[in-house]
Trainee: 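Have a look at the structure that comes next, please.
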Amino acid sequence: MAAPAPDPQPASGPVRDTSPGPGPVRDTSPGPVRETNPSPGRDTSPAPDADARPGTDADMDTPPGPDPLTVPSMSAGPDFVLRPWEMSDLPLIREAAQDPYIPLITTVPSRYSDRAAEEFVRRQWDRAATGAGYPFAIVRSRDRRPVGAIGLWLRELPEGRASIGYWMVPSGRGQGVTRAALRTVTGWALRDLGVPRLQLFIEPWNTASARIAVDVGYRHEGLLRGWQQVGDERRDMAVYGLLNSDGPVDGRAVASN
């Protein structure tokens, strides 16, 4: 899996993921934000200041923030669906919290509680509401069971690039879901959103995730030494990139024009 943002409460120390399937791919989404308890689609922007009028200093000194994003539902092949996070996804967070690696490099709580899991879901809603990115739950079609997460993060979009992070719980590994989810989000970001560059950050030992990234079309571009704090040590990260002008993804041209 591609590695998500550091957990504010990491486990006792870094552990290698020895379970089958790819490990998490680093998620460069923002860390925890102030909880506003939003519902999907709810406008959480503050009420307008009665003293602020068009053309006043208040308008000129306060640049507009990113627009809220609507997280779509998308098919990831015949067996999986990507959709917005729901409060019904708490069992997925419970399983992810028990993984030795996922809580180290994501904001999944290292010690599960219903309250911590609910806060995790609200953070995903907030990330869309504040324009930080598109967080998806990965759901198996046949039984509607969530098995993982993938996110498209837009913090560096003004510079023409975005990043993708993902993780998969053990019960979802070995079914081709990671490849299907990454291919779906990659194609959507390049073709429909027109993102010029996508990038992944993967630990060098994580050969399963590296192989999936290359299969989807990403190119290994180099090693970033000491790039990521994981547990109590700095870790190297290999960077993989894909340009809108590169070759086709899933048999279709990536560019929208």
Side-chain angles (χ1 to χ4, degrees), residues 1-38 40 71 80-128 132-140 143-153 164-175 177-178 181-182 201-203 205-206 208-209 228-233 235 237:
M1 297 173 223
D7 193 283
Q9 296 177 317
S12 57
V15 183
R16 289 291 192 268
D17 181 6
T18 57
S19 56
V25 173
R26 182 174 180 266
D27 182 351
T28 55
S29 61
V33 295
R34 181 176 61 86
E35 301 298 343
T36 55
N37 195 21
V71 180
F80 299 96
V81 172
L82 310 181
R83 62 156 171 75
W85 281 85
E86 302 174 353
M87 278 301 174
S88 61
D89 294 330
L90 266 57
L92 171 62
I93 303 169
R94 180 189 295 274
E95 186 175 356
Q98 296 170 355
D99 187 89
Y101 190 64
I102 292 174
L104 287 179
I105 55 173
T106 74
T107 60
V108 169
S110 57
R111 295 183 179 180
Y112 179 86
S113 69
D114 286 346
R115 179 177 179 179
E118 289 168 0
E119 289 174 351
F120 176 87
V121 173
R122 291 190 183 100
R123 280 198 295 275
Q124 312 317 305
W125 294 346
D126 280 349
R127 286 167 177 169
Y134 293 91
F136 297 93
I138 306 172
V139 181
R140 196 162 54 202
D143 55 8
R144 298 184 180 179
R145 178 176 178 176
V147 295
I150 188 167
L152 173 67
W153 307 117
I164 296 178
Y166 51 83
W167 50 263
M168 198 69 50
V169 294
S171 63
R173 297 173 190 169
Q175 304 173 48
V177 59
T178 305
L182 179 59
F201 300 92
I202 303 173
E203 285 203 64
W205 61 265
N206 193 347
S209 277
Q228 169 79 6
Q229 185 76 23
V230 179
D232 59 1
E233 66 177 293
R235 300 277 189 87
M237 289 283 171

Trainee: Could you report the tightest heavy-atom contact between A128 and P135, atom names first, then the distance?
Mentor: CB-CD, 4.2 Å
Trainee: When you look at R145 and E95, which way does the salt bridge (Lys or Arg N to Asp or Glu O under 4.0 Å) test go after all the steps?
Mentor: CA-CA 12 Å; R145 178 176 178 176; E95 186 175 356; 3.5 Å; yes
Trainee: If we only count heavy atoms from C-beta on, is the R123 to W85 side-chain gap below 4.5 Å?
Mentor: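 R123 does not reach W85 side chain to side chain.
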Trainee: Testing the basics here: between P91 and S88, what is the closest heavy-atom pair and its distance to 0.1 Å?
Mentor: CD-O, 3.3 Å
Trainee: Tell me whether R173 contacts the main-chain N or O of M168 through its side chain, where contact means a donor paired with an acceptor under 3.5 Å.
Mentor: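 Answer holds: yes.
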Trainee: Any side-chain heavy-atom pair from W205 and R235 closer than 4.5 angstrom?
Mentor: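 With C-beta onward as the side chain, the pair touches.
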Trainee: Hey, are the side chains of R94 and D114 touching, using non-hydrogen atoms and a 4.5 Å cut-off?
Mentor: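 A side-chain contact under 4.5 Å exists here.
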Trainee: Please give me the minimum heavy-atom distance between F80 and Q175, naming the atom from each residue.
Mentor: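 Result for this residue pair: CZ-OE1, 3.9 Å.
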Trainee: Of the non-hydrogen atoms in A137 and D89, which two are nearest, and what is the gap between them?
Mentor: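 It is CB-OD2, 3.9 Å.
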Trainee: So, do Y112 and L90 sit near enough that their side-chain heavy atoms are less than 4.5 Å apart?
Mentor: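 A side-chain contact under 4.5 Å exists here.
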Trainee: Ignoring hydrogens, what is the shortest heavy-atom contact between I138 and A181? Give both atom names and the distance.
Mentor: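 Looking at all heavy atoms of both residues, the shortest contact is CD1-CB, 3.8 Å.
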Trainee: Once you round to the nearest 0.5 Å, how far does OH of Y101 lie from OG1 of T106?
Mentor: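 Reported to 0.5 Å precision, the distance equals 10.5 Å.
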Trainee: Within the structure provided, determine whether I93 and V121 are in side-chain contact (heavy-atom separation under 4.5 Å).
Mentor: yes
Trainee: Quick one: does D99's side chain have a donor or acceptor within less than 3.5 Å of a partner on A96's backbone?
Mentor: no
Trainee: Do you know the tightest heavy-atom contact between V71 and Y134?
Mentor: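 The answer is CA-CD2, 4.1 Å.
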Trainee: Is the terminal nitrogen or CZ of R127 (NZ for Lys, CZ for Arg) located under 6.0 angstrom from the six-membered ring centre of W153 and within 45° of that ring's axis?
Mentor: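 Cation-pi check for R127 and W153: passes.
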